[in-house]
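A short worksheet on the structure shown next.
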Amino acid sequence: MSVLEILNDRQKEAAAQLDGPVLILAGAGSGKTRVLTNRTAYMIDEAGVSPWNILAITFTNKAADEMRERIDRLVGFGSESIWVATFHSTCVRILRRHIDLLGFDNNFTIYDPDDSKSVMKDVLKRLQIDTKQYPEKRFLNWISSCKDELSTPADEEEYARGDYADELFAKVYREYQLSLQKNNALDFDDLIMKTVELFKAFPDVLENYQNRFLYIMVDEYQDTNTAQFELIRLLAAKNRNICVVGDDDQSIYKFRGANIRNILDFEKVYPDAKVIKLEQNYRSTQTILDAANSVIKNNGARKDKALWTDRGEGERIVFAQTDTAYEEAELIVDRICRERRAGKSSFGDNAVLYRTNAQSRLLEEKCVMAGIPYTVVGGVNFYSRKEIKDILAYLKTIDNGRDDLSVRRIINVPKRGIGATTIGKLADHGAANDLNFYECCKQADDILGHNRASEKIAEFVDLISVFRTQSEFISISELIETIIKRIDYEGMLIEADEDEAKERMENIGELINKAVAYEESADEPTLSEFLEEVALVADIDGVDSDADRVMLMTLHSAKGLEFPNVYIAGMEDGLFPSYMSICSDDPGEIEEERRLCYVGITRAMNRLTLTAARSRMTRGETQYNAVSRFINEIPSELFESGYAKKSAEKKPPNSTGAVATKVRPAAVLPKHQKPFIAKATAFTDLKKGADINLQTAPDYGPGDRVMHMKFGQGTVLSVEKGTRDYEVSVEFDSAGVKKMFAAFAKLKKI
DNA sequence: CGTACTAGTCTTTTT
DNA sequence: GACTAGTACG
């Protein structure tokens with residue numbers, strides 16, 4: 001049976017059209033991932049395309065992993081040699097090989113926004129620019145937009161001509177780039193821009209990739225920016241087999257440079273493009289779709305679409321307004337508990353979505369009080385935690401001594417008696433003699449004279465060189481453990497704050513787990529590659545959608561996901577749509593918020609609950625907000641009666657009968673928990689398939705008690721033989737049921 | 001050189 | 001209200 005068999009006619013058409021440019025306009029819930037995966041399977045199994053010639057680009061690692069897994073289940077073999085990756089990791093992969101052509105070292109480091117900020121501070125200080133008048137953020141945002149648009153410092157200088165402010169910006173941009181280059185570092189935006197630069201400057205390199213990627217697919221095309229558009233255009237220029245999938249109504253990343261014209265004008269750029277619309281929605285009830293459609297139709301320029309479903313009317317939408325944000329959180333938590341007690345849903349069926357991360361706090365508090373297991377997506381990124389950044393700075397220093405930022409971060413962590421004066425002297429010397437900071441440390445004796453300070457520096461240099469030597473012989477996880485022990489990081493944490501220390505050490509434990517997982521999944525694990533994977537992790541990537549937990553996240557993070565029950569909190573004018581968008585002169589800003597609302601509504605499969613509070617605390621001040629205009633855009637007959645009253649206490653009528661509310665579609669998300677980032681496998685080729693080293697069977701079996709580093713004690717439920725490893729399912733006493741690979745989990749029988 | 005306090009910022013969303 | 005960066009002082 002053909003892999004296309006299970007698709008509907010439109011989907012089939014989209015999947016079977018392999019040659020030439022293809023634009024798939026895929027409405028929310030119309031099965032676009034299914035089309036992409038089955039299209040790929042069709043290429044390999046039925047059209048004789050080599051997996052090696054396929055490139056699939058997504059925005060998040062999570063999406064990439066899911067796509068690979070689903071393809072894997074469809075094709076017999078070879079899926080591991082498809083290049084499935086995010087824009088950023090694709091570019092890193094290419095730059096690692098060729099960036100020396102642009103004057104960088106191939107083992108460059110990737111700076112996160114935090115690092116970029118430090119560099120910017122330094123630049124502004126050097127140029128003696130008053131940060132009160134011109135805050136760093138403004139420069140950084142502006143530089144980021146330049147890079148999204150592929151504009152170089154030279155372009156900006158040219159453009160500025162005479163205007164003082166513009167010239168200042170251009171000068172800062174130039175200085176900032178020089179600083180990065182000196183540190184042998186790239187920021188996130190550079191990854192895309194430099195790759196385009198590389199392809200334009202070295203056509204032979206580009207051709208090499210054009211010859212490899214005969215078939216290119218891009219997911220979430222509505223969110224591409226100019227640089228990404230150009231990257232794809234270049235790669236596809238020779239063979240023109242480019243298939244893009246997206247939904248202009250779900251374009252929600254304009255603030256990050258996404259250009260909605262990329263999808264709206266696809267047919268202008270590729271006049272011979274085949275355009276296919278997927279309009280049948282398999283996710284939501286008619287009521288939910290009606291609500292989504294009635295909101296989005298208030299937007300101007302959009303591709304005409306009419307989503308429909310045969311799932312029936314379903315339950316009405318609930319709207320509830322409370323007096324305070326506190327009560328709002330209570331109401332939501334209350335409903336979730338009640339539903340669950342009534343056997344109508346499990347915790348994992350529910351997601352609470354909101355506009356701003358700050359809203360998560362109250363919801364979290366209420367969940368804790370009610371004893372509800374929950375997961376917050378986003379907020380403070382795991383990798384921006386202090387302890388993680390410290391350890392990573394050690395690793396970066398060991399890996400690439402040219403990264404001044406990392407060296408300076410750890411030179412006095414833990415305290416070694418090396419102060420700001422000493423660091424300043426070394427940094428000045430470095431700037432004057434064009435040396436990087438670590439080199440100056442090595443020559444501290446000459447620079448500072450032989451004294452206490454230079455002795456301390458020498459000790460530090462020794463320490464790093466010992467680690468460097470060790471790193472040649474031991475694994476990354478062992479290296480981390482060695483560092484922790486050698487510098488007594490735990491002791492340092494305990495001294496700083498005993499209560500916090502435990503949690504911080506647990507986070508480091510988690511980092512070690514991730515290092516182990518990486519080493520297991522990579523062909524030839526290297527420290528550089530590990531560091532780059534870690535740099536490109538998104539909040540949503542590590543989320544396990546199968547755990548029975550309520551999910552709390554921003555509307556942005558929710559894109560691409562679906563849940564039986566969705567709550568959208570904070571439906572208030574000034575919060576959602578945001579105050580900024582309401583005040584803006586550009587009506588496009590409200591339209592973007594409306595698309596965000598559309599995304600939120602269409603996440604719901606069976607039931608949608610919208611809530612608002614009359615007052616809430618923002619920045620320590622109480623604000624009184626009106627009900628969101630988006631609520632008024634939904635026809636009142638779609639709401640359950642009792643709308644706008646204190647409908648909290650009112651029992652929802654569940655007599656609609658048309659739709660069974662307990663149905664949990666099988667297609668939600670892949671089953672097994674991903675061992676961290678599987679991106680490394682994205683680039684392995686067929687060699688690996690031939691050389692499968694199956695783990696030896698674990699020494700435990702169903703019923704045995706085992707111990708896990710992070711989750712503590714638990715009971716083994718099952719042990720299944722997978723393709724590369726044994727997949728173990730364990731019920732932990734405190735953490736619930738987890739599925740994991742035996743090799744990564746390092747379970748100990750007890 | 002290290003600590004403790006203060007002032008300022010943040011809150012729109014993120015690879 | 002929380003966190004951070006910068007400053008003054010021991």
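Since the model is a prediction, treat every value here as computed from it, not as a measurement.
Residue contacts for A:E593: at a heavy-atom cut-off of 4.0 Å it reaches a base atom on one of the strands shown. At the heavy-atom level, A:K121 lies under 4.0 Å from the strands shown only through sugar-phosphate atoms. Nucleic acid contact for A:F188: base, since at least one base atom lies under 4.0 Å from a heavy atom of the residue.
Between the CG atom of A:N225 and the P atom of B:dT13 there is a distance of 20 Å, rounded to whole Å. Rounding to whole angstrom units, CG of residue A:L596 and P of B:dT14 are separated by 10 Å. Distance A:I252 CD1 to B:dT15 P: 11 Å, rounded to the nearest Å.
In terms of modelled atom types and a separation under 3.5 Å, the side chain of A:S615 and the main chain of A:N625 share no donor-acceptor contact.
Aromatic stacking of A:F255 on B:dT14: not satisfied for centres closer than 5.5 Å together with planes under 30 degrees.
Residues meeting the side-chain hydrogen bond (donor to acceptor under 3.5 Å, both in side chains) test with A:R261, sequence neighbours left out: A:D265. The side-chain contact (heavy atoms from CB on, under 4.5 Å) search around A:S118 returns A:L405, not counting sequence neighbours.
The phosphate of B:dT12 (OP1 or OP2) has no side-chain N or O of A:S581 nearer than 4.0 angstrom. Between A:S578 and B:dT11, a side-chain N or O to OP1/OP2 separation shorter than 4.0 Å is absent. Between A:N357 and B:dT13 there is a side-chain polar atom (N or O) within less than 4.0 angstrom of OP1 or OP2. At the phosphate of B:dT14, OP1 or OP2 sits under 4.0 Å from a side-chain N or O atom of A:S557.
The side chain of A:T356 lies closest to B:dT12 when the candidates are B:dT11, B:dT12, B:dT15. Counting only heavy atoms from C-beta on, A:P113 has its side chain closest to B:dT15 among B:dG2, B:dT15, B:dT13. In the set B:dT11, B:dT12, B:dT14, the nucleotide with an atom closest to the side chain of A:K137 is B:dT11.
Relative ring orientation between A:F630 and A:F576 is described as perpendicular, the plane-to-plane angle rising above 60° on a 0-90° scale split at 30° and 60°.
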Pairwise N/O distances under 3.5 Å, protein to nucleotides 3-6 of chain B:
from  : atom 1 : to     : atom 2 : distance (Å)
B:dT3 : OP2    : A:K415 : NZ     : 3.4

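Taking the side chain as every heavy atom from C-beta outward, A:K366 and A:L362 never approach each other to under 4.5 Å. By the 4.5 Å heavy-atom criterion applied to side chains, A:I94 and A:L198 are counted as neighbours.
In A:R126, the CZ atom is crowded: over 12 heavy atoms of neighbouring residues, nucleotides or ligands sit closer than 6.0 Å.
Place A:F87 and A:T422 on DNA chain B by their nearest nucleotides, and A:T422 ends up nearer the 5' end.
The base of B:dT15 has none of its N or O atoms less than 3.5 Å from a complementary donor or acceptor on the side chain of A:R256.
Here the separation of C:dG6 from B:dT11, taken at their C1' atoms, is 23 Å to the nearest Å.
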